[in-house]
Amino acid sequence: MNVHRLSPEILSAMEGAVGQIGITVEPAGMAKYLGDWAGDYRGDALVVLRPGSVGEVQALMRLCGELGLGVIPQGGNTGLVSGAIDSKGGGLVVVSLERLNSIRQIDKDNFTLRADAGCVLQTIKDACEAQDYLFPLALGAQGSCQIGGNAASNAGGVNVLRHGMARDLILGLEVVLANGELWNGFSGLRKNNSGYDLKQLFIGSEGTLGVITGVEVKLFPKPARVETAYLGLASFEAAVTLFNRARRDCSDLISAFEIIGSECIELARLIDPGMAAPVSAPVQVLVELSSGPGIDLNGLLAGFLTDAMEKGLLIDAVLAASNAQARSFWAIREGLVEGQAKRGYHVRTDLSVRISDIPALIENASRFVANDHPGWIALAYGHAGDGNIHFNVLPPMHLAVADARTRGSEITAGLYEIAVGLGGSISAEHGIGRSRAREFWSGLSPAHRRMVAALKNALDPKGLMNPGCLLPSTETFP
């Protein structure tokens, strides 16, 4: 438990800002805000505050600024890098946006939506679908994550290939700055070339520059046709070759292209013992095409798969005959992630390389694990269409958790080195948080550091916005 404490007078002032329903100080009530869903991180907080309006967020930021209290903005708490958890116990205040959870507007004529930052992603997707629109951001955590957190972490997911990251889907933001001032960056404009694009400063900033309270996003027509296939290939190199051909033959109708190493299937069975891949092959691919009406999408995908089979690029292929079968294919991809969490502690990475370097990344990483860490089980899967590979490593079953974490840190450092050596990134979509802050900062050039420091100092001169996240807390900026 944190040794820091707030005086009754300060707690009373905070309660005055958010009301009795918006303040939690008891350990039992704070517990769900102090740990991540995967169980990798636990933290502490002086208090959990749950403002119910943008005005209350402003009041809290002004109060915390006057008191010199660091603030952690928190969304659905589904992140994987300790971005919303004070794992160091530094005496911070958690500000949860969960009570700001309304959809403000769906503009049918302009294909836009505005929502409070605390609105759950699935709620937004369902509301759009009910009106025949699509909001394409799709994550495994979409039933819990919040749109404000998606913006703050620049979330990715399975549809990046076609629709881009959260950054590409956001038209505007509403942000409470560190001093309590409100910046309204809404306009609904698709094109606005008037100077700096300020919203981009906050997208991916992980709560280190301000508190996102509202998000405006692009909508798309709901697809009239969706076709899904599950494929078997001989290697990851073959999968990349197939993807290149698919981009040429199916163009931008591809909405997802996921690769799965066969060793991952056993993890999915931890969630559903009856789950079985529809093909048997060393590398498996889940491909999805979507379009409006008037396109023979089934014929296009079937023709592409037939041609690929004849050219020897495929070992096997199953084209989903129904929506239920398509969902069963996606259940494998989603289940393997849940299965890893159920298995317990494991090395989790989120690497990004150029698409052509995917085979080299997986080969080099697999060799590294096999040679330097025998007994550990390497898993490779991810969004091949955008170069994002989740190369995860499971410890031996008998290894104590403390020992596994120590060895896991060594493995993580080795995997980061391999990705960076290929000109890649240590974070494709999960962000930096606290768990990667040191590696992120040490990898920046002097010019990059100066620009980051200038932005931080300009928008958060007291250093109270999510201290220790993204930027190491030990860094001081001149």
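Worth saying up front: this structure is predicted, and the values here are computed from it rather than measured. Worth knowing before you read on, the calculation uses all heavy atoms, side chains too, and leaves out hydrogens, waters and symmetry mates.
For the atom pair CZ of Arg50 and CG of Leu100, the computed distance is 11.0 Å after rounding to the nearest 0.5 Å. Note: Arg407 CZ to Thr412 OG1 = 12.5 Å, rounded to the nearest 0.5 Å. Rounded to the nearest 0.5 angstrom, Arg114 CZ and Leu173 CG are separated by 11.5 Å.
Residue-environment remark: CD (Glu417) stays at or below the threshold of 12 foreign heavy atoms within 6.0 Å.
Among all heavy-atom pairs drawn from Leu34 and Met30, the shortest one is CG-O, 3.2 Å. The heavy-atom pair separating Asn159 from Glu288 by the smallest distance is OD1-OE2, 4.4 Å. Across all their heavy atoms, Gly75 and Gln146 have their closest contact at CA-OE1, 3.2 Å. In this structure, Gly148 and Ile212 approach most closely via the heavy-atom pair O-CD1, 4.0 Å. Counting all heavy atoms, side chain and backbone alike, Pro467 lies closest to Leu92 at CG-CD2, 3.6 Å. The nearest pair of heavy atoms linking Glu263 to Ala380 is OE2-N, 3.3 Å.
There is no side-chain donor-acceptor pair under 3.5 Å between His373 and Glu410.
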Query - Derivation and outcome, side-chain contact (heavy atoms from CB on, under 4.5 Å), residues Leu415 and Val393 - result: CA-CA 10 Å; Leu415 295 175; Val393 192; 4.1 Å; yes
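With sequence neighbours excluded, no residue forms a salt bridge (charged side-chain N to carboxylate O under 4.0 Å, His left out) with Glu181.
Remark: Arg367 engages Glu363 in a salt bridge, criterion side-chain N to carboxylate O under 4.0 Å. The pair Asp197-Lys199 meets the salt-bridge criterion, with a side-chain N (NZ, NE, NH1 or NH2) lying under 4.0 Å from an Asp/Glu carboxylate O.
Ring-plane geometry between Tyr133 and Phe111 is classed as perpendicular, the angle between the planes exceeding 60 degrees on a 0 to 90 degree scale with a lower cut at 30.
The one candidate from Tyr381, Trp330, Phe329 that meets the side chain to side chain contact (heavy atoms under 4.5 Å, CB included) condition with Glu258 is Trp330.
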